[in-house]
Each structure stands twice: as C-alpha cells, then as structure tokens.
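Since the structure comes first, as structure tokens, the remarks are kept for the end.
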Amino acid sequence: MRYIRPHSLEEAAGLLAGSTGTAAILAGGSDLLVRMKGGFIEPDLIVDIKAIDGLGEIRETAEGFSIGAAVPCALMGESAALKREWPGVVEAARLIGSKQVQGRCTIVGNLCNASPAADSVPALVAAGARALIIGPGGRRTIPVEAVPTAPGKTSLAKGEIIEAILLDRRAPRSGDAYLRFIPRTEMDIAVVSAGVNLTLDEQGAVESARVAVGAAAPTVLLVEEAAEVLIGSKLDDATLERLAKVCSGACRPIDDKRGTVEFRRKVAGVLARRAATTAYARAGGK
Ligand SMILES: Cc1cc2nc3c(=O)[nH]c(=O)nc-3n(C[C@H](O)[C@H](O)[C@H](O)COP(=O)(O)OP(=O)(O)OC[C@H]3O[C@@H](n4cnc5c(N)ncnc54)[C@H](O)[C@@H]3O)c2cc1C
C-alpha cells in the first residue's frame, strides 16, 4: 500500500487518475480507516489531502462560503459567520459522532462516503450547496445531491476530488434547520432526518423552499413537492400537516433493527414539520 501526502490538488488528482488498483482519498479518515480496519477495503494507494494548501480553510467571499474539503466539522462550529448564515448546515455537521470525531471528520467525507444516513447531507441539499470538483478534465461544479448515487457510491469519475463545498450568501428573510432521530442523544446514525431551508417574502409568506429527507431512501431525497406545499404559506397547521404527509409519502425506507418502514415514514414527516418551523422562525417568520 502506498500512502502519499501531496501538496497540491493537481498532484493529488494526477496521482488518483494514474493509479492502478484501488485508490482512496483520505480526509479525516473517520469512515475510510474504519472500513480498512474492518477489512472491507484495502486500498493500493491512499492520497491524504490534508496537507494541500487552502483545503483546511473556510473562505468567505462576496458570493458566499467555500468550505475546503479538509475542514474538520469542529472548525465549522467555530466560524461565527457560517453559523450566523447557515445554522442548519452547522448544526448538522456538529451532530456527527462526538467532539473527537468532529475534530477529524469533514462534510466532504460525509458526502462521499455516500451513506443515506449522513447527517450533513440533507442540510447541504436543503441549503442548495454545490460541490466544486477538480479532476483530469479541469474543474466543475455540481449540486451536492448529484454526488451520491447509491449507498457507498458516488458520481465522481476516476481522478476527481471534491475541492470544496460552496454555499451562497444567505438571502434576506431566510433560515434553515436540520433535525435527526436517533434512539440516544449522540454517537448514533440517523434513523431518519430532515433539512429545510426557506426564504420569506416581505409579508412573511414562504417565497422559496427546499426540503430534504435523509435515511429514507438509497440517497438523500430532495422533496420538491414538499417545497411546493410550503410556498405561499405562513406555516399554518394545515400546511404543516400537508408537509408532513408529503414527506412521509416520499420516503422509500428500509426495514431494519433501527427502524421499521412505518416508523421511518411517520418520523420523516414529524421532523420535516419541526425543521420547517425552526427554519421559519430563523427567517423571522411569525
Ligand atoms: C465513532 C463514529 C461516529 C460517527 N457518527 C456519525 C454520525 O453521527 N453521523 C454521520 O453522518 N456520520 C457519522 N460517522 C461517520 C463519519 O464521521 C462521517 O461520514 C465523516 O464525515 C467522513 O468524513 P472524513 O473526513 O472522516 O472522511 P474519510 O473517512 O477520510 O473519507 C470518507 C470517504 O470519502 C472519500 N473522500 C474524502 N474526501 C474526499 C474528497 N475531497 N473528494 C472525494 N472523495 C473524498 C474517501 O475516499 C472515503 O471514501 C461516525 C463515524 C465514527 C467513527
């Protein structure tokens, strides 16, 4: 096994593109090392991206935020600007594992591990986040929901690396929120989860919305019909009831020891409703 710690993205992408056998990118290692120790994967090449200049930084620009692929989730919680503009995204990142895990893990690793239960992903999908990718063909940007294609699988081509996650500047009168259900208070994987991001018009009615549900299908679901339910409303009870129904109906969950299909469907609706209420309040809705 070769372990290489390149200092530029171009070098990292070149190593991955030219590799034969199994290659893996190492960010925080909180999934990769667990899978290696469990004997599920034995890479011939490991490309550690943590020494690449700029990848460990959160950059604030006129357009928004660029969260480098090596930024540990703990650092996201220390960015006052990011917390102020994207509280739902930060709260999702800060739910992952424990303080120790958050000191290592990244949202890009969370996305690329492609678990339908990944905590940061519904919040990022609701936020309309994009993944900036570098690879042999140059750079491209895609919506985060286009990265995971199935459990454990992504749409990234050989040699491609996610350089950063891009979030827009928060629009006026808007807010986001993320909630998950786990049977205990921490160190558990979401049984089901929901992220909501919405913007209000000057009268306080929802003008635009994005609703995502996690751990309820092979990949995180962007529930467009749920957004349509919210638009034009001030989140009255009837709207919230319809939102819950639509989100429950969109789920295609599995039945396992952590939750039945019926339970996951029901709780997806409950969480979407609660997340929408919090996002609405954060947007200044009354
Ligand atoms: C004790 C424990 C508790 C956990 N609890 C939770 C939890 O509550 N919620 C939750 O969602 N997850 C949880 N996890 C899973 C884990 O922490 C996350 O999925 C983590 O965010 C992965 O990030 P990482 O930087 O550690 O990724 P790594 O392990 O380094 O990489 C993960 C995968 O992504 C790929 N990858 C990494 N970076 C890139 C990149 N820049 N471009 C392309 N591919 C890349 C890697 O090759 C690998 O396949 C837990 C893990 C542990 C060990």
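Numbering of ligands and ligand atoms starts at 1, following listing order. Quick caveat: nothing in here was measured; it's all calculated off a predicted structure.
Of all protein heavy atoms, the one lying nearest to atom 11 (O) of ligand 1 is Asp119 N, 2.8 Å. Nearest protein heavy-atom contact of atom 20 (C) of ligand 1 is Ser30 OG, 3.3 Å. Of all protein heavy atoms, the one lying nearest to atom 13 (C) of ligand 1 is Ile96 CG2, 3.6 Å. Taking atom 42 (N) of ligand 1 as the reference point, the nearest protein heavy-atom neighbour is Ile162 N, 3.0 Å. With hydrogens left out, the protein atom closest to atom 21 (O) of ligand 1 is Thr106 O, 2.9 Å, a heavy atom. Residue, atom and distance of the protein heavy atom nearest to atom 19 (O) of ligand 1 are Asp31 OD2, 2.4 Å. Here the heavy atom of the protein found nearest to atom 47 (O) of ligand 1 is Ile25 O, 2.7 Å.
At a 4.0 Å heavy-atom cut-off, ligand 1 does not touch Leu33 at all. Under 4.0 angstrom from ligand 1, the non-hydrogen atoms of Val108 all belong to its side chain. The backbone and the side chain of Cys105 each have at least one atom closer than 4.0 Å to an atom of ligand 1 (non-hydrogen atoms only). Contacts between Ile182 and ligand 1 below 4.0 angstrom, taking non-hydrogen atoms only, are absent altogether. Contact annotation for Lys50 and ligand 1: no heavy atom of the residue comes within less than 4.0 Å of the ligand.
Note that CD1 of Ile142 and OG of Ser155 are 4.0 Å apart. Values are rounded to the nearest 0.5 Å. Atoms OG and CG, from Ser115 and Asn110 in turn, are 7.5 Å apart once rounded to the nearest 0.5 Å.
When each atom of ligand 1 is checked for a heavy atom of Val101 under 4.0 Å away, the hits are 1 (C), 2 (C), 17 (O).
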Please test Arg140 against Glu160 for salt bridge (charged side-chain N to carboxylate O under 4.0 Å, His left out), starting from the C-alpha separation and ending with a verdict. CA-CA 10 Å; Arg140 65 190 181 106; Glu160 286 194 321; 2.8 Å; yes
Without placing hydrogens or testing angles, list every side-chain donor-acceptor pair under 3.5 Å for residues 226-238, not counting sequence neighbours.
from: Ser233; atom 1: OG; to: Leu230; atom 2: O; distance (Å): 2.8
from: Ser233; atom 1: OG; to: Leu235; atom 2: N; distance (Å): 3.2
from: Lys234; atom 1: NZ; to: Gln203; atom 2: O; distance (Å): 3.0
from: Asp236; atom 1: OD1; to: Thr239; atom 2: OG1; distance (Å): 2.9
from: Asp236; atom 1: OD2; to: Ala238; atom 2: N; distance (Å): 3.3
from: Asp236; atom 1: OD2; to: Thr239; atom 2: N; distance (Å): 3.1
from: Asp236; atom 1: OD2; to: Thr239; atom 2: OG1; distance (Å): 3.2

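Between Ser120 and ligand 1, not a single N/O pair is under 3.5 Å apart. When only interatomic distances are considered, the shortest N/O to N/O separation between Gly28 and ligand 1 falls below 3.5 Å. An N or O contact shorter than 3.5 Å is missing between Glu160 and ligand 1 by distance. Polar contact with ligand 1: absent for Cys112 (N/O pair, distance under 3.5 Å). Not a single N or O atom of Leu156, backbone or side chain, sits closer than 3.5 Å to an N or O atom of ligand 1. Considering backbone and side-chain N/O of Gly97, one or more are found under 3.5 Å from N/O of ligand 1. Below 3.5 Å of separation, one finds an N or O of Ala27 facing an N or O of ligand 1. Checked against a 3.5 angstrom limit, the closest N/O atoms of Ile189 and ligand 1 fall outside it.
Relative to the ring axis of Phe65, Arg169 places its NZ or CZ within 45° and under 6.0 Å from the centre.
Of the candidates Arg170, Arg210, Arg84, Arg170 is the only one forming a salt bridge (Lys or Arg N to Asp or Glu O under 4.0 Å) with Asp176.
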